[in-house]
Asker: 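Sending over a structure as C-alpha cells; questions will come in a sec.
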Amino acid sequence: MIDRLSSLFVRTLREDPADAEVASHRLLVRAGYIRRQAPGIFAWLPLGLRVKNKVETIIREEMARAGAQEMSFPGLLPAETYEATGRLNDFGDSMFRLEDRKGAPMVLAPTHEEAFTVVVKDLYSSYKDLPLTIYQIQDKFRDEARPRAGLLRGRQFTMKDAYSFDVDDEGLAESYQRQRDAYERIFQRLGLEYVIVDAQAGAMGGSKSEEFLHATEVGEDTFVQSPGGYAANVEAYVSTQAPARDFSADAAIETFRTPGSTTIATLVDAANREVPRERPWAAVDTLKHVVLAVVDHEGNREVIVVGVEGDRDADLGRIEAAFTPREVEMATEEDLKAYPQLVPGYIGPWLDGRQVLGKDQEWGIPYYLDARIGEGSTWISGANAADTHLHSLVIGRDVVPDARIEAADVRDGDPAPDGSGPVTTKRGTEIGHVFQLGRKYAEALDLRVLDKNGKLVVVTMGSYGIGVTRDLALVAEQNHDDRGLIWPEAVAPYDVHVIATGKGEVPLQVAEQLAAEAEAAGLEVLLDDRPKESPGVKFGDAELIGVPWILIAGRNAADGTVELWNRRTNERNQVAVTEAVAALLAAREVSLEAAGK
RNA sequence: CGGGAAUUAGCUCAGCUUGGUAGAGCGCUCGCUUUGGGAGCGAGAAGUCGCAGGUUCAAAUCCUGUAUUCCCGACCA
C-alpha cells in the first residue's frame, strides 16, 4: 500500500498550536494526526486514524488470544440503564445527558457495565454458559470538569472495555488473570512502560483491583514505589503506625494562649513563645484537625473531624477511600453552622477534662485519626475556644478516635507496608485497569444462573479497561524529540517514508521504484512525491510525522545510491538503490526484534 | 466550582499605555527562478479585531457586562 503526500489529507503546521501544552498534543496536531473540535473532543485525520487502528488491532489480537469475544454497544443509551445500580447519580454531572423527541431521558455512555450485564442476563441462564468474557472497542463520553492535555483527558475517548462473567470466585480469579496477562502483552507491544499498582482502595476491600500506570510528568495520578518492589496508587498506600509509647509519666493537658494562630506556622510560633521547651516545638508536634463532610448518593451529609500530623496535609483522595462509595469533601459553611462548637483554627477533640469529639461523645461528631498516629503519642491541638490551644494531649489517655484511617499525604521516604524500603512518589497516568467487580452489578441487575445443583446463584463479574486514545497519546509522549514524533514500528502510521528530492526526474523515478518494491515486500509506504517542496520541508515533515524509517532518493539517486535514515537513532547510511529495500527490511528486523524482547 | 491568562487573517502573533477606520511572519493563489535542511524575486486573495451594551465627532484601543479557550488548583484546617 502506498499513500502519496501530494494527495494525502494532511497539513503540517510550522508552529505549535496555541492551545496545546503537552508534547503529545502539540505534535499530534502539528503533524496532522488530530484536530480539536471542542475541549476534550478530537477529530482523527487519516494519519491519526491509521495509528489508532494499529493500537486497536494489537488490542484485538491480544483479546482474541485471551479468549474474549468482541461485540459492540451503542454509545447512546436510555438513562434507565444506569438507574438500577444508582450510577446515574454516581456519575452526576460527568454524564452527558439528553432527551429524545418524546422527552425520554437518554445518556451518552461513560462506561458499559450495566449494558453488558443486562445482555448476558437476557441470553444466558446456566452455569454451563460460563465463563464468558466479552468486550468492545468504542467511544466513551464523560463530561469532565476540566479536560486536559489533549488526548490524555478527553470528554470523548476510545476505550476497550471487557467484562468477565463467572459462576464462582475461582473462575473470576482466572478470568481476571487472563485479562491481566493480556494487558501486559498489549503494553509491551505498544512499547509503553508501565507499573502495575495495587489499587485496592479503602475499607470496603474485598474485590481485587490493579491499575496499570505509565510514569510520566504530565500524569495526574500519584503512585508510590519502593526499591523492594512495592507499588501502589497513593490512595491505596497503607501507612505504618508509630509504635506505642509509655505515657504513664506524661504531664497533664495544659492550655495556652494563641491569639490569631489559625495556621500551623503561627501556632508553632505561639507555642515556642508561650510554652517554650528544650527542643523547640515544630509542626510535627501539632495535631491538625480537618472538618469534612461525607456525602452519599442521595446528598446526605455527615460531618466528621479527621486529625493528621501538623506537618502533613490531609489527602482527601486517600480519606475518601475509607468511605467508598460515599464521597468526601471539605465541610461547607452550612455544615459548620450546625456545629458552632467547632471554632475554625482551634478545633480539637478535648475540652474541659473530657473528650468531646467522637460518635458517642458529647458533640456526636465522628472523630478519626490518621493511621500513622501511635498510641501514647502526645500533641498540641486546638482547645475548642478562640485564641486557645493545648499541649500534652495524649492519644489513648485523653482521647480515643472512632477509628484510624489513611488520611495524611504520602511522602518520599515513607516506609512501604511490606518492609521493602522507603517509597518514592511518582506521577503517572492510568493506562489500564483490571477490576474484580464481584457481584455488585449482577446483584443490582439480577443476573443469576442455575448451578450444577439447580440452584440460582449470582454471577460474579470482572471489568477491564484500556484507554485506547490515551495510550496512543502516551506512546507519542514517550516517543518524540524536539523535531517531532518517533513512532515505534508497532503503531507507526507507515512502515517507511520515501522521499524524492533533488534536481531532475531521476529522484522521483527512483523513489517510485523504491516505494513499489517496499510495497511488494509487504510494507506500508508513505511517498513524498510533492514536486515543488524543498528538501528542507520534506525532511522537516518526515521528522515531524515520525515514521521510523525514511528512504531518501536525492542527489545521489542518479549514481544508484539512496540514503536509509533511522528516525530514532538518526543514523543515516548510503545504500545502493538495488539493495535499499533489502537493507531496510534487515534493519527493520533488527529493530523489531529489539522491541520484542 | 475557585484563581490566573488569553481572544485581532487559515496558523503564530504585534497594534491597545497616548482613540483617528488594520499589520507582520508563516500558510494559500499566480508567474519566473530554485531543489540535501522549512529557498528567492514579483504580483495577489484573505479579518463584522469573541459577543453585547456604554462613553465619544470617532473605539481593536477607554468603561461595563457576557461568552469562549488554555493553564493552575480542587486541600491549609
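So you know, we letter chains A, B, ... as the sequences are listed, proteins then strands, and number each from 1.
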Asker: In whole Å, I'd like the distance from the CZ atom of A/R14 to the C1' atom of B/U12.
Answerer: 11 Å
Asker: To the nearest Å, how far apart are A/R35 CZ and B/U69 P?
Answerer: 16 Å
Asker: Under 3.5 Å, is there a donor-acceptor pair between the A/D139 and A/T158 side chains?
Answerer: yes
Asker: Does the structure show a Watson-Crick or G-U wobble partner for B/A58, both distances under 3.5 Å? Name it, or say none.
Answerer: none
Asker: Report the relative orientation of the aromatic rings in A/H391 and A/F256; use parallel for angles under 30°, tilted for 30 to 60°, perpendicular for over 60°.
Answerer: tilted
Asker: Can you tell me the Watson-Crick or wobble partner of B/G25, both distances under 3.5 angstrom?
Answerer: B/C11
Asker: If you go through the side-chain atoms of A/N556, does one of them form a donor-acceptor pair with the base of B/G36 closer than 3.5 Å?
Answerer: no
Asker: Do NZ/NE/NH1/NH2 and the carboxylate oxygens of A/K538 and A/E533 come within less than 4.0 Å?
Answerer: no
Asker: Give the rounded distance in Å between these two atoms: CD of A/E15 and C1' of B/A14.
Answerer: 13 Å
Asker: A/K532 has an atom NZ; how far is it from atom P of B/U33, in whole Å?
Answerer: 9 Å
Asker: Given side chains that start at C-beta, do those of A/T501 and A/P507 come closer than 4.5 Å, heavy atoms only?
Answerer: no
Asker: Rounding to an integer number of Å, can you tell me how far A/F42 CZ sits from B/U69 C1'?
Answerer: 12 Å
Asker: Using Watson-Crick or G-U wobble geometry with both distances under 3.5 Å, which nucleotide pairs with B/G42?
Answerer: B/C30
Asker: As a test of understanding, state which of A/R567, A/R568, A/R483 forms a salt bridge (Lys or Arg N to Asp or Glu O under 4.0 Å) with A/E543.
Answerer: A/R483
Asker: Could you tell me whether A/P507 contacts a base, only the sugar-phosphate backbone, or nothing, with contacts defined as non-hydrogen atoms closer than 4.0 Å?
Answerer: nothing
Asker: Rounded to the nearest angstrom, tell me the gap between atom CZ in A/F539 and atom P in B/G38.
Answerer: 10 Å
Asker: Between B/A59 and B/G20, how far apart are the two C1' atoms, rounded to whole Å?
Answerer: 10 Å
Asker: Would you mind telling me which of B/G38, B/C76, B/U69 lies closest to the side-chain atoms of A/S534?
Answerer: B/G38
Asker: Could you state the atom-to-atom distance from CG of A/D541 to C1' of B/G27 in whole Å?
Answerer: 12 Å
Asker: Under a 3.5 Å limit for both distances, which nucleotide forms a Watson-Crick or G-U wobble pair with B/G36, could you say?
Answerer: none
Asker: Under 4.5 Å between any side-chain heavy atoms of A/I499 and A/L551, yes or no?
Answerer: no
Asker: Do the rings of A/Y346 and A/H389 sit parallel, tilted or perpendicular, given the 30° and 60° boundaries?
Answerer: tilted
Asker: Check every strand shown and say whether A/K503 touches a base, only sugar-phosphate, or nothing at a heavy-atom separation below 4.0 Å.
Answerer: sugar-phosphate
Asker: What's the closest nucleotide to the side chain of A/T12 if the choices are B/U35, B/C28, B/G38?
Answerer: B/G38
Asker: How far, in whole Å, is B/A52 from B/A45 if one measures between their C1' atoms?
Answerer: 31 Å
Asker: Please measure how far the C1' atom in B/G31 lies from the corresponding atom in B/G47, and state the result in whole Å.
Answerer: 27 Å
Asker: Could you work out the separation of B/G50 and B/A43 based on their P atoms and round it to a whole Å?
Answerer: 31 Å
Asker: Mind checking if A/R530 touches a base, just sugar-phosphate, or nothing, with heavy atoms under 4.0 Å?
Answerer: nothing
Asker: When you get a sec, tell me which of B/G38, B/G36, B/C13 is the closest nucleotide to the side chain of A/T501?
Answerer: B/G36
Asker: Work out how far the C1' atom of B/A6 is from that of B/U66, and round it to whole angstrom.
Answerer: 16 Å
Asker: Which nucleotide in the set B/U12, B/C70, B/C28 lies at the smallest distance from any side-chain heavy atom of A/R36?
Answerer: B/C70
Asker: Taking atom P of B/G36 as reference, at what distance in whole Å does atom CD of A/E533 sit?
Answerer: 14 Å
Asker: On RNA chain B, compare the nucleotides closest to A/A553 and A/P17; which residue's is nearer the 5' end?
Answerer: A/P17
Asker: Looking only at atom C1', what distance separates B/C30 and B/U48, rounded to whole Å?
Answerer: 29 Å
Asker: Is B/C16 paired to anything, Watson-Crick or G-U wobble with both distances less than 3.5 Å, and if yes, which nucleotide?
Answerer: none
Asker: Base, sugar-phosphate alone, or nothing: which one does A/D16 contact when heavy atoms must sit under 4.0 Å apart?
Answerer: sugar-phosphate
Asker: Determine, for A/R404 against A/E375, whether the closest basic-nitrogen to carboxylate-oxygen distance falls under 4.0 angstrom.
Answerer: yes
Asker: Heavy-atom nearest nucleotide on RNA chain B for A/A18 versus A/K538: which residue maps closer to 5'?
Answerer: A/A18
Asker: Hunt down the Watson-Crick or G-U wobble partner of B/U69, both distances under 3.5 Å, from any strand shown, or write none.
Answerer: B/A5
Asker: When we call it a touch if two heavy atoms are under 4.0 Å apart, what does A/R483 touch: a base, just sugar-phosphate, or nothing?
Answerer: base
Asker: Between protein and nucleotides 71-75 of chain B, what N or O pairs are separated by less than 3.5 Å?
Answerer:
from: B/C72; atom 1: OP2; to: A/R146; atom 2: NH1; distance (Å): 3.3
from: B/C72; atom 1: OP2; to: A/R146; atom 2: NH2; distance (Å): 2.9
from: B/C72; atom 1: N4; to: A/R146; atom 2: NE; distance (Å): 3.3
from: B/C75; atom 1: O2; to: A/A314; atom 2: O; distance (Å): 3.1

Asker: In whole angstrom, give me the gap between the C1' atoms of B/C57 and B/G73.
Answerer: 48 Å
Asker: So, A/R4 and A/E512, do they make that salt bridge, N to O below 4.0 Å?
Answerer: yes
Asker: Minimum heavy-atom separation for A/P493 and A/R50, please, with both atom names.
Answerer: O-NE, 2.7 Å
